[in-house]
Number of protein chains: 2
Amino acid sequence: MPTPNRQRSGETRNEIFAFVRDRIAAGASPTVREVQREFGFRAVQSAQQHLTALVADGRLIKEAGVARGYRLPNGRLPEGGDGASHIGPVGAVRYIPRLGRVQAGALQEAIEDPDGWLPAAAGNPADELFALTVRGESMRDAGILPGDTVVVRRQDTARDGEIVVALVEGEATVKRLKLSAGRIVLQPENDDFAPIEIAPDTEIRILGRVVEVRRRLV
Amino acid sequence: MPTPNRQRSGETRNEIFAFVRDRIAAGASPTVREVQREFGFRAVQSAQQHLTALVADGRLIKEAGVARGYRLPNGRLPEGGDGASHIGPVGAVRYIPRLGRVQAGALQEAIEDPDGWLPAAAGNPADELFALTVRGESMRDAGILPGDTVVVRRQDTARDGEIVVALVEGEATVKRLKLSAGRIVLQPENDDFAPIEIAPDTEIRILGRVVEVRRRLV
DNA sequence: TTGACAAACAGACATTTGTCTGTTTTAATA
DNA sequence: TATTAAAACAGACAAATGTCTGTTTGTCAA
């Protein structure tokens, strides 16, 4: 059998796209010459031509006048408003610091010295986000289990019914916030646990609101 | 008050680190001259010096001979083996395609035409991952609720007790797999639902194993 | 005051990377 | 076969970027 027809199949172009996409996802756009080398082209222009075509097709975006300037266009967002906004523009990622034990007043220090980082879609840069590991079964019926990671948006206040991280007796805890007629209650979602009623003069400190839950299965 | 002491506080260096970190997270490392411009240095070397120092401190990594070659070092992993391995090397991200409705046999097509993309720590490149939105309450007691996104590792087989995505009556469904004495059962985690027993001659197709659950709160 | 040192400045040069012009090869098709 | 268009090649130049040598300035502390 002679050489299979690759000349007009567009297969090489697809492979180049996949290569560039993966390199961008891995941290940085490749250069034209890196594409050239990867595919064994003897001329820079061979790679350049494919890349230009991919940009013309809208499969890639090029930042003009910038080395390693290839970017991925935005991922199409699901139409259904199911709150799946953690799917964002591909390529725009932010890293959320994952904190160890948070104790009284030490939030800022904990944020500056995280255990590690979680990638997430970029979202609103003004939001201060951090992540915590859940301890205990108290939110089981809300689908938040021990070992789960919660992503928290830093804020001092919250509204009735929102799940918050609050500082109770010097330790961070996840509960649902109940506000009614001047009473403040931190409500577990598990009948085995008692609600924590906040006396009017008690100091309660809300660290933020839980915006995402992640669980890694073995 | 005279000019506060910035000369030796290291504050500028911290700001430069934050700038570089955020730029890397946003998609690409800045150049030395971009740092220079951002901080208003009149000499390239001023920025260069800070960057070199950050590399010496281990706060950044530099790929030699590469434009825009600054990278973030790996996030420190939590020592506790709590399975939180979705925290990976910072900067190494992969995008997981999020599929809409998956119907009989159409998995490959669905993967090539995703609804959107989820960022995740890179992990093992050999793993084929995709994501699905959960419908129904059948896995409620396992902490998997309607609207949750499950990340699935593509595989044809699974072990007893693992949560899998299987194709049942032409539609993808999430259940716990129970294998015992030649019987195959897809077990819901909710008493309101009945287990699905797979008759020996029935065609059952396992699409993959659930490796992560994500839930976005309003 | 002076020495030590970090930080910033000045200017240059080397390398990497992007982009251009024009030619040749390959495969499909009239 | 002749035509055509995509794909690949060849060689060059320009712009972006990395890196170097040496000097000056600001702050601390002896």
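Note on naming: letters A, B, ... go to the chains in the order of the sequence lines (proteins, then strands), and numbering restarts at 1 for each one.
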Check ion pair [X]-[Y] (N to O, under 4.0 angstrom):
X: B:E63; Y: B:R71; value: yes
X: A:R214; Y: A:E212; value: yes
X: A:E34; Y: A:R37; value: no

Can you tell me how far [atom2] of [N] sits from [atom1] of [X], to the nearest Å?
X: A:L51; N: C:dG18; atom1: CG; atom2: P; value: 9 Å
X: B:I61; N: D:dG18; atom1: CD1; atom2: P; value: 17 Å
X: B:R33; N: C:dG11; atom1: CZ; atom2: C1'; value: 11 Å
X: A:F41; N: C:dG18; atom1: CZ; atom2: C1'; value: 17 Å
X: A:Q48; N: D:dA15; atom1: CD; atom2: P; value: 16 Å
X: A:R68; N: C:dT16; atom1: CZ; atom2: P; value: 11 Å
X: B:Q49; N: D:dG26; atom1: CD; atom2: P; value: 16 Å
X: B:Y70; N: D:dG18; atom1: OH; atom2: P; value: 7 Å

Looking at D:dA8, I'd like to know if its phosphate oxygens (OP1 or OP2) sit under 4.0 Å from a side-chain N or O belonging to A:H50. yes
Taking only the side-chain nitrogens and oxygens of B:R13, find out if one of them lies under 4.0 Å from OP1 or OP2 of C:dA6. no
Residue that, paired with B:D127, satisfies side-chain hydrogen bond (donor to acceptor under 3.5 Å, both in side chains) out of B:Q155, B:R154, B:R153: B:R153
Relative to the 5' end of DNA chain D, which residue comes earlier, A:G65 or A:A43, by the nucleotide with the nearest heavy atom? A:A43
Side-chain donor/acceptor of B:Q45 to base of D:dC20, under 3.5 Å: yes
Under 4.0 Å, counting only non-hydrogen atoms across every strand here, what does [X] touch: a base, just sugar-phosphate, or nothing?
X: A:R42; result: sugar-phosphate
X: B:S46; result: base
X: A:V44; result: base

The answer to which of B:G40 and B:A67 contacts DNA chain C further toward the 5' end, by nearest nucleotide, is B:G40
Do we see a donor-acceptor contact under 3.5 Å between the side chains of B:T133 and B:R98? yes
